[in-house]
> 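Below is one structure. I have some questions about it.
Chain identifiers are assigned alphabetically (A, B, ...) following the order of the sequence lines, protein sequences preceding nucleic acid strands; residue numbering begins at 1 within each chain. Predicted model only: the values in this text are computed from it and were never measured.
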Protein chains: 2
Amino acid sequence: MTLMARTASYDRDAALEAAMTLFWTKGFHATSLKDLEVVLNMKPGSIYAAFQSKEALFRATLDRYAERMTGEMEALIARSASPLSALQRHLRGLADLAPCDRPSTACMLVKSLLEAPQDGELRTFISDHLDRVGQVIGSALEAAKSEGELPEHTDTDRLARRIQTYIFGLKVQAQRETDTARMRDLCDDLAAEIGRAAQG
Amino acid sequence: MTLMARTASYDRDAALEAAMTLFWTKGFHATSLKDLEVVLNMKPGSIYAAFQSKEALFRATLDRYAERMTGEMEALIARSASPLSALQRHLRGLADLAPCDRPSTACMLVKSLLEAPQDGELRTFISDHLDRVGQVIGSALEAAKSEGELPEHTDTDRLARRIQTYIFGLKVQAQRETDTARMRDLCDDLAAEIGRAAQG
DNA sequence: AATGAACTTGAGCAATCACTCAAGTATGCT
DNA sequence: AGCATACTTGAGTGATTGCTCAAGTTCATT
């Protein structure tokens with residue numbers, strides 16, 4: 001029987017959210033512990049007691065980000081009558097990535113992937129998360145196939161990889177494209193590609 | 001009349017190349033001056049005499065990278081009979097990005113764009129370089145149009161943006177995709193998209 | 001040779017980095 | 001109330017950061 005003593009004063013969920021926002025905007029290397037102390041409103045000792053290290057905290061925020069991303073995507077698919085049109089809507093939605101409500105229009109996972117050392121363990125950690133996102137897309141395509149939206153011979157894994165590649169590219173473009181009309185056209189073009197895959 | 005004295009002992013071109021390789025692989029923040037001292041074989045004083053600061057050196061390597069990238073692309077287009085198929089070949093070539101001869105399969109400009117502060121001047125510096133690459137693609141498409149490879153009504157700027165988005169996405173995928181066959185399929189798929197644009 | 005401009009050197013600057021730990025404080029349990 | 005336990009605190013760790021500069025070295029010119 002453990003003896004509970006002083007209760008933690010910080011809100012773990014809020015802290016992770018704040019850390020995620022910071023890492024997402026500034027990147028891992030450019031984020032200092034001083035920065036984290038401010039947004040977490042915690043002293044270094046507490047930070048290291050709660051999360052084991054800067055990198056461990058970073059990974060926790062990546063977990064959070066990935067879970068949210070897949071969650072939103074799954075919700076969008078579940079909400080929609082057609083899995084295929086849900087994916088198209090997701091692509092078109094990338095045109096509306098407001099720079100205000102989100103910390104960055106870039107994908108935190110992609111950003112982190114490119115920043116992480118090429119051969120490090122962190123790299124595979126991030127890549128695994130991206131795989132999981134890809135699997136969400138893949139299972140949506142499987143559902144689309146069984147609903148007759150896609151031809152029976154469709155290679156859903158391959159198509160999923162293509163769609164994820166579109167998302168990667170679009171989110172990079174969103175980082176620099178200021179013209180919203182052009183961004184919308186671009187998203188529409190790539191969304192249309194998915195529709196074309198439905199034909200054959 | 002200036003009086004030349006001691007001649008510089010370092011090879012500026014080789015130094016820039018080495019710095020580019022380092023920045024490209026590790027990224028700006030993860031590259032320390034100690035790292036640069038080693039690969040440039042220069043002491044801090046010389047580095048700061050030759051290049052004004054770490055960031056100035058970084059920018060110089062970005063110039064070098066961008067010039068090389070556009071140069072290679074223009075050469076590929078010039079070498080080819082058809083501008084459109086040159087672009088397709090470029091996309092398919094992304095499947096063969098060997099991790100050995102190049103420092104990174106990722107695009108240094110994209111990597112740097114995502115690492116740079118959102119509102120900083122460096123960001124626009126990098127984005128301008130990416131614009132220039134986009135213009136190379138755009139003028140290739142213009143050439144394709146005047147040669148009858150593309151319909152007269154084709155919006156070449158828009159198509160150029162789409163192709164560049166493909167390149168962005170593919171180079172991110174190349175960072176994590178180990179299966180060469182799947183990577184090849186992916187590149188083929190996106191190259192085929194360009195061909196489809198030629199129809200209508 | 002002697003001169004002086006151009007370049008190299010490397011010790012060392014203040015600042016910051018990620019991180020630690022002993023001391024202090026608050027809380028649940030008896 | 002009093003103890004034990006967990007959590008918070010923040011000054012301080014050594015290492016490293018980007019960068020400077022006075023002293024030394026090399027070379028074209030005289």
> Rounded off to whole Å, could you give me the NE2-to-C1' distance for the B:His29 and C:dT16 pair?
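Checked: the NE2 to C1' distance equals 13 Å.
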
> What are the atom names and distances for every N/O pair under 3.5 Å that joins the protein to nucleotides 22-24 of chain D?
{"residue": "D:dG24", "atom": "N2", "partner": "B:Arg6", "partner atom": "NH1", "Å": "3.4"}

> Please report, rounded to the nearest Å, how far the P atom of C:dC19 is from the CD1 atom of A:Ile47.
11 Å

> Can you measure A:Asp35 atom CG to C:dC19 atom P for me and round it to whole angstrom units?
14 Å

> Report the distance from atom NZ of A:Lys34 to atom P of D:dG12, rounded to the nearest whole Å.
13 Å

> Roughly how many Å is it from CZ in B:Phe51 to P in D:dT20, rounded to a whole number?
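To the nearest whole Å, that distance equals 16 Å.
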
> Closest heavy-atom contact between B:Lys145 and B:Pro151?
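Here B:Lys145 and B:Pro151 meet closest at CG-O, 3.7 Å.
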
> Of all the choices, D:dG18, D:dC7, C:dA18, which nucleotide is nearest to the side chain of A:Tyr48 once you look at every atom?
C:dA18

> How long is the line joining CG of A:Leu36 and P of C:dA18, in whole Å?
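Checked: the CG to P distance equals 8 Å.
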
> Might you confirm whether atom CG of A:Asn41 has over 12 heavy atoms from other residues, nucleotides or ligands at distances under 6.0 Å?
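No, CG of A:Asn41 has 12 or fewer neighbouring heavy atoms, counting only those of other groups under 6.0 Å.
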
> Salt-bridge test for B:Arg64 and B:Asp13: reply yes if a basic N is under 4.0 Å from a carboxylate O, no otherwise.
yes

> For residues 37-46 of chain A, which residues have at least one heavy atom under 4.0 Å from DNA chain C?
A:Pro44, A:Gly45

> If you count every heavy atom of other residues, nucleotides or ligands that lies below 6.0 Å from B:Gln52 atom CD, does the total exceed 12?
no

> Any cation-pi pair here, B:Lys54 with B:Phe28, using under 6.0 Å and within 45°?
yes

> Counting heavy atoms from C-beta on, name the nucleotide in C:dC7, D:dC19, D:dC7 closest to the side chain of A:Ala8.
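So the side chain of A:Ala8 is nearest to D:dC7.
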
> Between C:dC19 atom C1' and A:Glu55 atom CD, what is the distance in whole Å?
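After rounding, the gap between these two atoms is 14 Å.
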
> Which atom names give the shortest non-hydrogen contact between A:Lys111 and A:Ala106, and what distance separates them?
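Closest approach of A:Lys111 to A:Ala106, heavy atoms only: CD-CB, 4.5 Å.
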
> Report the distance from atom CZ of A:Phe28 to atom C1' of C:dC17, rounded to the nearest whole Å.
12 Å

> Can you list, by residue number, the residues of residues 9-25 of chain B that have a non-hydrogen atom closer than 4.0 angstrom to DNA chain C?
B:Ser9, B:Tyr10

> Is any side-chain N of the basic residue among A:Glu193 and A:Arg196 closer than 4.0 Å to the acidic one's carboxylate O?
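The answer is yes: the pair qualifies as a salt bridge.
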
> Give a yes or no answer on whether the side chain of B:Ser80 reaches the backbone of B:Leu76 with a donor-acceptor pair at less than 3.5 Å.
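Flag not set: sc B:Ser80 to bb B:Leu76 has no pair under 3.5 Å.
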
> Looking at B:Glu67, I want to see if its CD is surrounded by more than 12 non-hydrogen atoms of other residues, nucleotides or ligands under 6.0 Å.
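No, the 6.0 Å shell around CD holds no more than 12 heavy atoms from other groups.
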
> B:Tyr65 side chain to B:Met108 main-chain N or O, any donor-acceptor pair under 3.5 Å?
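Flag set: sc B:Tyr65 to bb B:Met108 pair under 3.5 Å.
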
> Look at A:Arg68 together with A:Glu72 and state whether they make a salt bridge at an N to O cut-off of under 4.0 Å.
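No, no charged N to carboxylate O under 4.0 Å.
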
> If you assign each of A:Gln52 and A:Ser32 to its closest nucleotide in DNA chain C, which residue comes earlier from the 5' end?
A:Ser32

> Please pick, from C:dC19, C:dT27, D:dT8, the nucleotide with the shortest atom-to-atom distance to any side-chain atom of A:Thr7.
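Nearest nucleotide to the side chain: C:dT27.
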
> Are B:Arg176 and A:Asp131 close enough for a salt bridge, meaning some N to O gap below 4.0 Å?
yes

